[in-house]
Amino acid sequence: MRWRRRSFRAMPTHPDLGADERPAVRFRFEGREVVAREGQSVGAALLADGVDILTRSFKFHRPRGYTCGAGACGNCLLTVDGLPSVPSCVTPVAPGLEVRRERGWPSVDVDVLAGADLVSRWFPAGFQFRYFRQHPRAGHAFERVLGLLAGGGKHLPPAASAPVLPIARRTCSVVVVGAGPSGLAAALAASDAGADVVLVEEQERLGGRLRAETATVSALGLTAPGPRLAEVLTERVARDPGITLLRGSALGWYEDGVLPVAGRDALHELVPHVVVEATGSYEAPVLFAGNDRPGVLLAGAISRLFHVERVRPGRRYVVVACDDRGIEHAIELHHLGVEVVAVVDQRGADEAGTERLRALAGRGIEHLAGARPVRSHGRRRVRGLTVRTGDGRRLRLRCDTVSVAGPLRPSEGLSLQRRYQGENRLSAETPGQDLSARAPVLLRVGGSAGRTRVQDAVDDGFDAGRTAATAVGNVAPFRPA
Ligand code: FES
(Lines give C-alpha, C1' and ligand atoms only; values in the text may rest on other atoms or scores of the structure.)
Protein backbone atom coordinates (compact mmCIF):
# COMPACT_ATOMS: atom_id res chain seq x y z
CA MET A 1 0.00 0.00 0.00
CA ARG A 2 2.78 2.38 0.96
CA TRP A 3 4.59 2.20 -2.40
CA ARG A 4 1.34 2.99 -4.22
CA ARG A 5 0.76 6.13 -2.17
CA ARG A 6 4.34 7.18 -2.67
CA SER A 7 4.15 6.71 -6.42
CA PHE A 8 1.19 9.07 -6.48
CA ARG A 9 2.43 11.64 -4.01
CA ALA A 10 5.95 12.11 -5.36
CA MET A 11 5.88 14.41 -8.42
CA PRO A 12 8.59 13.47 -10.90
CA THR A 13 7.22 16.13 -13.27
CA HIS A 14 5.42 19.38 -12.61
CA PRO A 15 3.13 20.87 -15.27
CA ASP A 16 4.94 24.25 -15.18
CA LEU A 17 8.35 23.52 -13.68
CA GLY A 18 9.15 20.34 -15.65
CA ALA A 19 11.06 17.28 -14.47
CA ASP A 20 12.41 17.08 -10.94
CA GLU A 21 16.12 16.55 -11.49
CA ARG A 22 17.28 17.11 -7.94
CA PRO A 23 19.63 14.35 -6.77
CA ALA A 24 18.28 11.67 -4.42
CA VAL A 25 19.07 11.90 -0.71
CA ARG A 26 18.71 8.88 1.58
CA PHE A 27 17.93 9.13 5.27
CA ARG A 28 16.72 6.73 7.98
CA PHE A 29 13.24 6.84 9.43
CA GLU A 30 12.52 4.51 12.35
CA GLY A 31 14.94 1.90 11.09
CA ARG A 32 14.14 1.98 7.39
CA GLU A 33 15.52 3.97 4.48
CA VAL A 34 13.56 6.82 2.89
CA VAL A 35 14.58 8.30 -0.45
CA ALA A 36 14.00 12.06 -0.73
CA ARG A 37 15.11 14.81 -3.08
CA GLU A 38 17.83 17.32 -2.27
CA GLY A 39 16.25 20.47 -0.81
CA GLN A 40 13.10 18.69 0.39
CA SER A 41 12.10 19.00 4.01
CA VAL A 42 11.98 15.91 6.21
CA GLY A 43 8.21 16.37 6.76
CA ALA A 44 7.46 16.59 3.02
CA ALA A 45 9.70 13.60 2.23
CA LEU A 46 7.82 11.51 4.81
CA LEU A 47 4.46 12.66 3.44
CA ALA A 48 5.60 11.60 -0.05
CA ASP A 49 6.58 8.28 1.49
CA GLY A 50 3.02 7.72 2.78
CA VAL A 51 3.58 8.74 6.42
CA ASP A 52 0.40 10.61 7.38
CA ILE A 53 0.77 10.65 11.17
CA LEU A 54 3.87 12.53 12.27
CA THR A 55 2.98 12.95 15.93
CA ARG A 56 0.10 12.74 18.42
CA SER A 57 -1.62 15.45 20.45
CA PHE A 58 -0.55 15.93 24.09
CA LYS A 59 -3.76 15.08 25.90
CA PHE A 60 -5.82 12.66 23.88
CA HIS A 61 -3.17 11.34 21.49
CA ARG A 62 -5.14 12.32 18.40
CA PRO A 63 -3.17 11.93 15.15
CA ARG A 64 -1.38 14.99 13.78
CA GLY A 65 0.32 15.48 10.41
CA TYR A 66 1.82 18.00 8.02
CA THR A 67 -0.35 21.14 8.36
CA CYS A 68 1.24 24.58 7.94
CA GLY A 69 4.56 23.83 6.23
CA ALA A 70 5.99 26.91 7.92
CA GLY A 71 7.26 25.70 11.29
CA ALA A 72 4.37 27.47 13.01
CA CYS A 73 1.87 24.86 14.25
CA GLY A 74 3.87 22.11 15.99
CA ASN A 75 2.03 19.25 14.25
CA CYS A 76 5.18 17.80 12.70
CA LEU A 77 7.66 17.68 15.60
CA LEU A 78 10.12 14.78 15.29
CA THR A 79 13.39 13.69 16.84
CA VAL A 80 16.11 14.37 14.26
CA ASP A 81 19.62 13.03 14.90
CA GLY A 82 18.79 12.75 18.61
CA LEU A 83 17.48 16.32 18.92
CA PRO A 84 13.86 16.22 20.14
CA SER A 85 10.86 18.24 18.90
CA VAL A 86 12.36 19.51 15.63
CA PRO A 87 9.78 21.03 13.20
CA SER A 88 10.28 18.61 10.32
CA CYS A 89 8.45 20.75 7.73
CA VAL A 90 11.29 23.30 7.76
CA THR A 91 14.19 20.90 8.36
CA PRO A 92 15.98 19.94 5.15
CA VAL A 93 16.86 16.32 4.51
CA ALA A 94 20.51 15.33 4.63
CA PRO A 95 22.24 12.03 3.85
CA GLY A 96 22.28 9.67 6.81
CA LEU A 97 19.86 11.69 8.98
CA GLU A 98 18.22 9.56 11.72
CA VAL A 99 14.56 10.51 12.18
CA ARG A 100 11.92 9.09 14.49
CA ARG A 101 8.54 10.04 15.89
CA GLU A 102 8.04 10.88 19.52
CA ARG A 103 4.63 10.20 21.04
CA GLY A 104 2.49 7.11 21.29
CA TRP A 105 2.77 3.70 22.93
CA PRO A 106 3.79 1.18 21.71
CA SER A 107 4.13 3.24 18.50
CA VAL A 108 2.79 6.41 16.93
CA ASP A 109 0.87 4.40 14.32
CA VAL A 110 -0.73 1.98 16.78
CA ASP A 111 -1.13 4.03 19.93
CA VAL A 112 -2.92 2.42 22.85
CA LEU A 113 -2.92 5.77 24.66
CA ALA A 114 -5.24 7.12 21.98
CA GLY A 115 -7.93 5.29 23.97
CA ALA A 116 -7.94 8.45 26.15
CA ASP A 117 -9.83 10.08 23.30
CA LEU A 118 -12.77 7.75 23.93
CA VAL A 119 -13.32 9.36 27.35
CA SER A 120 -12.42 12.89 26.26
CA ARG A 121 -16.01 14.11 26.46
CA TRP A 122 -15.91 13.68 30.26
CA PHE A 123 -12.55 15.46 30.60
CA PRO A 124 -12.82 18.35 28.18
CA ALA A 125 -10.38 20.58 30.03
CA GLY A 126 -7.80 17.83 30.63
CA PHE A 127 -5.92 17.70 33.90
CA GLN A 128 -7.08 20.11 36.60
CA PHE A 129 -4.77 20.69 39.53
CA ARG A 130 -7.71 21.68 41.70
CA TYR A 131 -8.89 18.05 41.74
CA PHE A 132 -5.91 17.31 43.97
CA ARG A 133 -6.06 20.33 46.26
CA GLN A 134 -6.91 18.11 49.22
CA HIS A 135 -4.38 15.40 48.21
CA PRO A 136 -1.14 17.09 47.10
CA ARG A 137 0.89 13.85 47.13
CA ALA A 138 -1.52 12.12 44.80
CA GLY A 139 -1.42 15.27 42.64
CA HIS A 140 2.39 15.10 42.29
CA ALA A 141 2.25 11.39 41.47
CA PHE A 142 -0.40 11.98 38.83
CA GLU A 143 1.66 14.83 37.41
CA ARG A 144 4.52 12.41 36.81
CA VAL A 145 2.19 9.97 35.06
CA LEU A 146 0.87 12.78 32.88
CA GLY A 147 4.42 13.83 32.05
CA LEU A 148 5.15 10.31 30.80
CA LEU A 149 1.95 10.12 28.75
CA ALA A 150 2.11 13.60 27.23
CA GLY A 151 5.84 14.15 26.87
CA GLY A 152 7.55 14.28 23.50
CA GLY A 153 11.15 13.30 22.86
CA LYS A 154 13.72 12.42 25.51
CA HIS A 155 16.03 14.54 27.63
CA LEU A 156 19.39 14.98 25.97
CA PRO A 157 22.39 13.82 27.98
CA PRO A 158 24.35 16.88 29.21
CA ALA A 159 27.23 16.06 26.86
CA ALA A 160 24.89 16.29 23.85
CA SER A 161 23.34 19.67 24.68
CA ALA A 162 24.02 22.53 22.32
CA PRO A 163 27.29 24.40 22.93
CA VAL A 164 27.14 27.96 24.26
CA LEU A 165 27.49 30.22 21.23
CA PRO A 166 29.98 33.08 21.14
CA ILE A 167 28.55 36.61 20.87
CA ALA A 168 29.42 38.77 17.86
CA ARG A 169 28.39 42.46 17.85
CA ARG A 170 28.18 44.49 14.66
CA THR A 171 26.89 47.94 13.65
CA CYS A 172 25.32 48.18 10.20
CA SER A 173 23.16 50.56 8.21
CA VAL A 174 20.19 48.39 7.34
CA VAL A 175 18.96 45.05 8.66
CA VAL A 176 16.31 43.31 6.58
CA VAL A 177 14.56 40.56 8.55
CA GLY A 178 13.13 37.94 6.19
CA ALA A 179 14.24 36.97 2.68
CA GLY A 180 10.86 36.46 1.04
CA PRO A 181 9.80 38.53 -1.99
CA SER A 182 9.74 41.89 -0.17
CA GLY A 183 12.88 41.18 1.88
CA LEU A 184 14.98 40.19 -1.15
CA ALA A 185 13.80 43.28 -3.03
CA ALA A 186 14.45 45.57 -0.03
CA ALA A 187 17.97 44.21 0.50
CA LEU A 188 18.91 44.62 -3.17
CA ALA A 189 17.44 48.14 -3.41
CA ALA A 190 19.11 49.32 -0.18
CA SER A 191 22.48 47.92 -1.22
CA ASP A 192 22.11 49.42 -4.68
CA ALA A 193 21.59 52.81 -3.03
CA GLY A 194 24.85 52.40 -1.09
CA ALA A 195 23.72 50.98 2.26
CA ASP A 196 25.56 48.27 4.15
CA VAL A 197 22.87 45.58 4.47
CA VAL A 198 22.49 42.49 6.65
CA LEU A 199 19.77 40.15 5.40
CA VAL A 200 18.49 37.73 8.07
CA GLU A 201 16.77 34.50 7.06
CA GLU A 202 16.12 31.27 8.97
CA GLN A 203 15.02 29.08 6.04
CA GLU A 204 17.47 27.20 3.88
CA ARG A 205 16.19 28.59 0.57
CA LEU A 206 15.53 32.28 0.00
CA GLY A 207 12.38 33.51 -1.71
CA GLY A 208 9.56 32.54 0.69
CA ARG A 209 6.17 32.54 -1.01
CA LEU A 210 7.73 33.71 -4.28
CA ARG A 211 8.77 30.06 -4.76
CA ALA A 212 5.17 28.89 -4.63
CA GLU A 213 3.79 31.65 -6.87
CA THR A 214 2.69 30.34 -10.26
CA ALA A 215 1.71 33.73 -11.71
CA THR A 216 4.39 35.83 -13.38
CA VAL A 217 6.04 38.49 -11.22
CA SER A 218 8.17 41.44 -12.38
CA ALA A 219 11.38 42.67 -10.80
CA LEU A 220 14.75 44.00 -12.01
CA GLY A 221 13.37 44.29 -15.54
CA LEU A 222 12.54 40.58 -15.63
CA THR A 223 9.04 39.10 -15.76
CA ALA A 224 8.99 35.42 -14.84
CA PRO A 225 7.11 32.82 -12.79
CA GLY A 226 7.77 33.15 -9.04
CA PRO A 227 10.28 30.25 -8.66
CA ARG A 228 12.43 31.52 -11.55
CA LEU A 229 12.41 35.06 -10.16
CA ALA A 230 13.29 33.72 -6.70
CA GLU A 231 16.39 32.07 -8.23
CA VAL A 232 17.41 35.31 -9.97
CA LEU A 233 16.99 37.44 -6.84
CA THR A 234 18.84 34.83 -4.74
CA GLU A 235 21.77 34.87 -7.17
CA ARG A 236 21.83 38.68 -7.14
CA VAL A 237 21.90 38.71 -3.35
CA ALA A 238 24.75 36.16 -3.28
CA ARG A 239 26.82 38.26 -5.73
CA ASP A 240 26.08 41.63 -4.10
CA PRO A 241 29.09 42.73 -2.01
CA GLY A 242 26.90 45.18 -0.05
CA ILE A 243 24.70 42.39 1.38
CA THR A 244 25.69 39.99 4.15
CA LEU A 245 23.37 37.00 4.37
CA LEU A 246 22.98 35.91 7.99
CA ARG A 247 21.33 32.53 8.59
CA GLY A 248 19.36 32.57 11.80
CA SER A 249 16.30 33.83 13.66
CA ALA A 250 15.82 37.44 14.75
CA LEU A 251 14.86 37.30 18.42
CA GLY A 252 13.59 40.88 18.88
CA TRP A 253 14.71 44.50 18.86
CA TYR A 254 15.52 45.70 22.32
CA GLU A 255 15.61 49.06 24.13
CA ASP A 256 19.33 49.53 23.66
CA GLY A 257 18.94 49.15 19.88
CA VAL A 258 20.35 45.63 19.73
CA LEU A 259 18.69 43.22 17.36
CA PRO A 260 19.95 39.75 18.38
CA VAL A 261 20.03 37.00 15.77
CA ALA A 262 20.48 33.38 16.87
CA GLY A 263 22.77 32.18 14.09
CA ARG A 264 24.27 28.76 13.52
CA ASP A 265 27.74 29.69 14.74
CA ALA A 266 27.16 32.67 17.04
CA LEU A 267 24.62 34.93 18.68
CA HIS A 268 24.89 38.04 16.49
CA GLU A 269 24.06 41.33 18.17
CA LEU A 270 23.26 43.72 15.33
CA VAL A 271 23.03 47.46 15.98
CA PRO A 272 21.27 48.88 12.90
CA HIS A 273 20.21 52.38 11.81
CA VAL A 274 17.15 51.04 10.02
CA VAL A 275 15.28 47.75 10.33
CA VAL A 276 13.11 46.48 7.50
CA GLU A 277 10.57 44.01 8.86
CA ALA A 278 9.84 41.67 5.94
CA THR A 279 8.66 38.71 7.96
CA GLY A 280 5.63 37.90 5.79
CA SER A 281 2.30 36.64 7.06
CA TYR A 282 0.71 33.61 8.66
CA GLU A 283 -2.35 31.81 7.42
CA ALA A 284 -4.99 31.67 10.12
CA PRO A 285 -6.82 28.34 10.40
CA VAL A 286 -10.61 28.16 10.09
CA LEU A 287 -12.47 26.71 13.08
CA PHE A 288 -14.37 23.43 12.70
CA ALA A 289 -14.32 20.07 14.50
CA GLY A 290 -11.32 18.01 13.40
CA ASN A 291 -9.53 20.93 11.71
CA ASP A 292 -6.22 19.42 12.87
CA ARG A 293 -6.74 15.90 11.51
CA PRO A 294 -3.99 14.69 9.12
CA GLY A 295 -5.11 15.67 5.63
CA VAL A 296 -6.38 19.10 6.70
CA LEU A 297 -3.69 21.48 5.46
CA LEU A 298 -3.40 25.23 5.06
CA ALA A 299 -3.60 26.34 1.43
CA GLY A 300 -0.12 27.92 1.54
CA ALA A 301 1.33 24.60 2.73
CA ILE A 302 -0.33 22.79 -0.17
CA SER A 303 1.01 25.28 -2.72
CA ARG A 304 4.44 24.91 -1.19
CA LEU A 305 4.21 21.11 -1.31
CA PHE A 306 3.31 21.16 -5.02
CA HIS A 307 5.69 23.86 -6.23
CA VAL A 308 8.68 23.66 -3.89
CA GLU A 309 8.69 20.18 -2.38
CA ARG A 310 7.17 18.49 -5.46
CA VAL A 311 4.75 16.43 -3.36
CA ARG A 312 1.01 15.90 -3.93
CA PRO A 313 -0.61 15.58 -0.51
CA GLY A 314 -3.80 13.92 -1.88
CA ARG A 315 -6.10 13.14 -4.82
CA ARG A 316 -9.52 14.65 -3.95
CA TYR A 317 -9.65 18.13 -2.45
CA VAL A 318 -12.22 20.34 -0.80
CA VAL A 319 -11.13 23.98 -0.49
CA VAL A 320 -12.44 26.08 2.42
CA ALA A 321 -12.37 29.73 1.31
CA CYS A 322 -13.06 33.02 3.00
CA ASP A 323 -11.94 35.31 0.14
CA ASP A 324 -10.85 35.20 -3.52
CA ARG A 325 -7.54 33.59 -2.57
CA GLY A 326 -9.44 30.34 -1.90
CA ILE A 327 -11.05 30.37 -5.33
CA GLU A 328 -7.75 31.08 -7.06
CA HIS A 329 -6.22 28.24 -5.05
CA ALA A 330 -8.93 25.81 -6.22
CA ILE A 331 -8.25 26.80 -9.85
CA GLU A 332 -4.53 26.31 -9.24
CA LEU A 333 -5.14 22.80 -7.84
CA HIS A 334 -7.25 21.90 -10.88
CA HIS A 335 -4.41 23.11 -13.11
CA LEU A 336 -2.04 20.83 -11.19
CA GLY A 337 -4.12 17.83 -12.22
CA VAL A 338 -5.88 16.84 -9.01
CA GLU A 339 -9.62 16.61 -8.43
CA VAL A 340 -11.29 19.52 -6.63
CA VAL A 341 -14.71 18.50 -5.37
CA ALA A 342 -15.98 21.83 -4.09
CA VAL A 343 -15.12 25.25 -2.74
CA VAL A 344 -16.79 25.84 0.63
CA ASP A 345 -17.01 29.62 0.43
CA GLN A 346 -17.97 31.32 3.68
CA ARG A 347 -19.03 34.48 1.85
CA GLY A 348 -22.42 35.23 0.36
CA ALA A 349 -23.33 34.27 -3.22
CA ASP A 350 -22.69 37.72 -4.69
CA GLU A 351 -19.26 38.30 -3.12
CA ALA A 352 -17.13 36.00 -5.27
CA GLY A 353 -17.52 37.77 -8.63
CA THR A 354 -19.09 36.21 -11.70
CA GLU A 355 -15.83 35.72 -13.56
CA ARG A 356 -14.31 33.60 -10.82
CA LEU A 357 -17.52 31.62 -10.43
CA ARG A 358 -17.54 31.00 -14.16
CA ALA A 359 -13.94 29.79 -13.96
CA LEU A 360 -14.92 27.30 -11.25
CA ALA A 361 -17.99 26.10 -13.13
CA GLY A 362 -15.96 25.66 -16.33
CA ARG A 363 -13.70 23.27 -14.43
CA GLY A 364 -16.53 21.31 -12.87
CA ILE A 365 -15.83 22.61 -9.35
CA GLU A 366 -18.92 23.14 -7.21
CA HIS A 367 -19.11 26.50 -5.43
CA LEU A 368 -21.00 26.39 -2.12
CA ALA A 369 -21.72 30.03 -1.23
CA GLY A 370 -22.43 30.96 2.38
CA ALA A 371 -21.36 27.46 3.48
CA ARG A 372 -19.35 26.52 6.57
CA PRO A 373 -17.25 23.46 7.36
CA VAL A 374 -18.70 21.60 10.35
CA ARG A 375 -16.55 18.51 10.91
CA SER A 376 -13.86 16.47 9.18
CA HIS A 377 -14.07 12.66 9.23
CA GLY A 378 -11.52 9.87 9.11
CA ARG A 379 -9.60 7.78 11.62
CA ARG A 380 -5.98 8.18 10.55
CA ARG A 381 -6.48 10.93 7.97
CA VAL A 382 -9.31 12.85 6.35
CA ARG A 383 -11.91 10.84 4.43
CA GLY A 384 -14.63 13.46 4.21
CA LEU A 385 -15.92 16.86 5.33
CA THR A 386 -19.40 17.73 6.54
CA VAL A 387 -20.50 21.25 5.62
CA ARG A 388 -23.56 23.32 6.37
CA THR A 389 -24.72 25.01 3.18
CA GLY A 390 -26.07 28.54 2.90
CA ASP A 391 -29.66 27.25 2.95
CA GLY A 392 -29.09 25.19 6.10
CA ARG A 393 -28.59 21.69 4.60
CA ARG A 394 -25.83 19.39 5.84
CA LEU A 395 -23.70 17.84 3.11
CA ARG A 396 -20.98 15.24 3.46
CA LEU A 397 -18.27 15.70 0.83
CA ARG A 398 -15.94 12.79 0.11
CA CYS A 399 -12.31 13.90 -0.09
CA ASP A 400 -8.85 12.93 1.16
CA THR A 401 -7.53 16.48 1.60
CA VAL A 402 -9.11 19.64 2.97
CA SER A 403 -7.28 22.81 1.94
CA VAL A 404 -8.01 25.70 4.30
CA ALA A 405 -7.48 29.12 2.69
CA GLY A 406 -8.05 31.18 5.83
CA PRO A 407 -7.31 34.87 6.25
CA LEU A 408 -3.68 36.02 6.12
CA ARG A 409 -2.38 37.56 9.35
CA PRO A 410 0.67 39.84 9.19
CA SER A 411 3.67 38.54 11.09
CA GLU A 412 4.57 41.79 12.83
CA GLY A 413 6.33 40.63 15.97
CA LEU A 414 9.19 43.13 15.79
CA SER A 415 7.02 46.23 15.45
CA LEU A 416 4.49 45.02 18.00
CA GLN A 417 7.27 44.35 20.46
CA ARG A 418 8.48 47.92 20.15
CA ARG A 419 5.02 49.37 20.62
CA TYR A 420 4.25 47.18 23.60
CA GLN A 421 7.41 48.44 25.25
CA GLY A 422 6.17 52.01 24.85
CA GLU A 423 9.18 52.96 22.75
CA ASN A 424 8.53 56.37 21.29
CA ARG A 425 11.82 56.86 19.52
CA LEU A 426 10.85 54.22 17.05
CA SER A 427 7.76 53.79 14.97
CA ALA A 428 6.46 51.53 12.25
CA GLU A 429 6.49 53.57 9.08
CA THR A 430 5.28 52.84 5.62
CA PRO A 431 7.73 52.97 2.70
CA GLY A 432 8.01 56.28 0.89
CA GLN A 433 7.64 58.46 3.99
CA ASP A 434 10.14 61.21 4.67
CA LEU A 435 12.37 59.78 7.36
CA SER A 436 14.91 62.58 7.52
CA ALA A 437 16.12 63.60 10.95
CA ARG A 438 14.43 60.65 12.66
CA ALA A 439 15.73 58.28 15.26
CA PRO A 440 16.32 54.67 14.16
CA VAL A 441 13.32 53.53 12.23
CA LEU A 442 11.50 50.37 11.38
CA LEU A 443 9.86 49.83 8.00
CA ARG A 444 7.23 47.13 7.70
CA VAL A 445 6.82 45.74 4.19
CA GLY A 446 5.23 42.96 2.15
CA GLY A 447 3.09 40.38 3.93
CA SER A 448 3.88 41.84 7.35
CA ALA A 449 2.34 45.12 6.12
CA GLY A 450 -0.77 43.35 4.83
CA ARG A 451 0.22 42.98 1.15
CA THR A 452 -1.41 39.76 0.04
CA ARG A 453 -0.27 39.77 -3.61
CA VAL A 454 3.30 38.76 -4.33
CA GLN A 455 3.82 41.49 -6.95
CA ASP A 456 2.74 44.14 -4.40
CA ALA A 457 5.16 42.66 -1.87
CA VAL A 458 8.06 42.87 -4.36
CA ASP A 459 7.25 46.49 -5.30
CA ASP A 460 6.87 47.35 -1.64
CA GLY A 461 10.28 45.84 -0.91
CA PHE A 462 12.05 47.91 -3.57
CA ASP A 463 10.41 51.10 -2.23
CA ALA A 464 11.37 50.23 1.34
CA GLY A 465 14.98 49.44 0.39
CA ARG A 466 15.43 52.83 -1.26
CA THR A 467 13.72 54.59 1.65
CA ALA A 468 15.92 52.76 4.14
CA ALA A 469 19.12 53.72 2.30
CA THR A 470 18.03 57.37 2.21
CA ALA A 471 17.21 57.31 5.89
CA VAL A 472 20.57 55.90 6.93
CA GLY A 473 22.33 59.23 6.53
CA ASN A 474 19.74 60.95 8.68
CA VAL A 475 19.36 58.60 11.59
CA ALA A 476 21.74 57.13 14.13
CA PRO A 477 21.74 53.67 15.61
CA PHE A 478 20.88 53.38 19.27
CA ARG A 479 24.06 53.31 21.25
CA PRO A 480 24.05 50.41 23.65
CA ALA A 481 24.89 51.48 27.19
S1 FES B 1 5.13 23.24 12.19
FE2 FES B 1 5.47 21.75 10.64
S3 FES B 1 3.55 21.48 9.72
FE4 FES B 1 3.23 23.12 11.11
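If you're wondering where the values come from, they're calculated on a predicted model, not measured in any experiment.
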Step by step, work out the side chain to side chain contact (heavy atoms under 4.5 Å, CB included) result for Leu395 and Arg393. CA-CA 6 Å; Leu395 276 185; Arg393 285 176 301 133; 4.1 Å; yes

State whether a side-chain donor-acceptor pair under 3.5 Å links Glu412 with Ser448. no

Report the residue from Arg37, Arg26, Arg32 that forms a salt bridge (charged side-chain N to carboxylate O under 4.0 Å, His left out) with Asp49. Arg32

Side chains of Gln346 and Pro373 in contact at under 4.5 Å (non-hydrogen atoms): yes

Donor-acceptor pair, distance only, cut-off 3.5 Å: does the side chain of Gln455 make one with the backbone of Val217? no

Do other residues, nucleotides or ligands put more than 12 heavy atoms under 6.0 Å from the OH atom of Tyr282? no

Checking side chain to side chain contact (heavy atoms under 4.5 Å, CB included) for the pair Thr67/Leu297: CA distance, chi angles, key distance, verdict? CA-CA 4 Å; Thr67 308; Leu297 286 86; 5.6 Å; no

Quick check for you: to the nearest 0.5 Å, what is the distance between Leu229 atom CG and Thr234 atom OG1? 9.0 Å

Does the distance from a Lys or Arg side-chain N to an Asp or Glu carboxylate O, for Glu204 and Arg264, drop under 4.0 Å? yes

Intermediate values then yes/no, side chain to side chain contact (heavy atoms under 4.5 Å, CB included), Arg28 and Val99: CA-CA 6 Å; Arg28 311 267 319 154; Val99 178; over 6 Å; no

For Arg205 and Val308, work out which heavy atoms get closest and say how close. NH1-CG1, 3.5 Å

Residues in ring pair (Phe, Tyr, Trp, His ring centres under 6.0 Å) with His377, at least two apart? none

Nearest heavy-atom contact between Leu267 and Leu165 is N-CB, 4.0 Å

Looking at side-chain heavy atoms only, is the closest gap between Asp345 and Ile327 below 4.5 Å? yes

Walk me through whether Ser415 and Leu442 qualify under side chain to side chain contact (heavy atoms under 4.5 Å, CB included). CA-CA 7 Å; Ser415 45; Leu442 178 132; 3.6 Å; yes

Closest non-hydrogen atoms of Val374 and Phe288, given as atom of the first, atom of the second and distance, are O-CB, 3.7 Å

Between the side chains of Asp16 and His335, does any donor sit under 3.5 Å from an acceptor? yes

Is a side-chain donor-acceptor pair under 3.5 Å present for Arg64 with Thr55? no

Using a strict 4.0 Å threshold on nitrogen-to-oxygen distance, state whether Arg381 and Asp52 make a salt bridge. yes

May I ask you to test the Leu333-Phe306 pair for a side-chain heavy-atom distance under 4.5 Å? yes

Crowding at CD, Gln134 (>12 non-hydrogen neighbours, <6.0 Å): no

Checking Arg247 side chain against Gln203 main chain: does a donor-acceptor pair fall under 3.5 Å? yes

Arg103 charged N/C atom sitting above Phe58 aromatic ring, 6.0 Å / 45°: yes

Verify the neighbour count for atom CZ of Arg375: are there more than 12 heavy atoms of other residues, nucleotides or ligands below 6.0 Å? no

Test of understanding: with ring pair (Phe, Tyr, Trp, His ring centres under 6.0 Å), list the residues that count as partners of His367, not counting sequence neighbours. none

Looking at Glu328 and Arg356, is any side-chain nitrogen of the basic one under 4.0 Å from a carboxylate oxygen of the acidic one? yes

Other residues, nucleotides and ligands only: do more than 12 of their heavy atoms fall within 6.0 Å of CZ on Arg22? yes

Can a donor-acceptor pair be found between the side chains of Asp391 and Thr389 at a distance below 3.5 Å? yes

Taking Ser376 for the side chain and Gly290 for the main chain, is one N or O donor matched with an acceptor at less than 3.5 Å? yes

How far does CG of Leu336 sit from CD1 of Ile302, to the nearest 0.5 angstrom? 10.5 Å

Quick one: are Leu251 and Val261 in side-chain contact, heavy atoms under 4.5 Å? no

CG (Leu113) and NE2 (His61) are apart, to the nearest 0.5 Å, by 5.0 Å

Please report the closest heavy-atom contact between Ala330 and Val340, naming both atoms and the distance. O-CG2, 3.8 Å

Student check: side-chain heavy atoms of Val404 and Val296 closer than 4.5 Å: yes

Start with the C-alpha distance between Glu339 and Arg316, add both sets of side-chain angles, then the distance that settles salt bridge (charged side-chain N to carboxylate O under 4.0 Å, His left out), and finish with yes or no. CA-CA 5 Å; Glu339 185 182 355; Arg316 275 174 70 90; 2.8 Å; yes

Hey, are Ser403 and His329 close enough side-chain-wise for a donor-acceptor pair under 3.5 Å? yes

For His334, enumerate each residue passing the side-chain hydrogen bond (donor to acceptor under 3.5 Å, both in side chains) test, keeping only those at least two apart in sequence or located in another chain. none

Give the minimum heavy-atom separation between Leu54 and Tyr66, together with the two atoms involved. CD1-N, 3.7 Å

The reported gap from SG in Cys68 to CG in Asp292 (rounded to nearest 0.5 angstrom) is 12.5 Å

Within 45° of the six-membered ring axis of Phe8 and under 6.0 Å from that ring's centre, is NZ or CZ of Arg312 located there? yes

Point-to-point distance, once rounded to the nearest 0.5 Å, from CZ of Arg228 to CG of Leu233: 10.0 Å

Heavy atoms of Ala342 and Leu397 approach each other most closely as CB-CD1, 4.2 Å

Taking Asp324 first and then Arg347, would you say they form a salt bridge - that is, a charged N and a carboxylate O separated by under 4.0 Å? yes

Going by an N to O cut-off under 4.0 Å, is there a salt bridge joining Arg62 and Asp117? yes

Counting neighbours of CZ on Arg453 that are heavy atoms of other residues, nucleotides or ligands and sit closer than 6.0 Å, is the number greater than 12? no

Side chains of Thr386 and Arg396: donor-acceptor distance under 3.5 Å anywhere? no

Worked check of salt bridge (charged side-chain N to carboxylate O under 4.0 Å, His left out) between Asp109 and Arg380: CA-CA 9 Å; Asp109 283 326; Arg380 300 177 60 81; 2.9 Å; yes

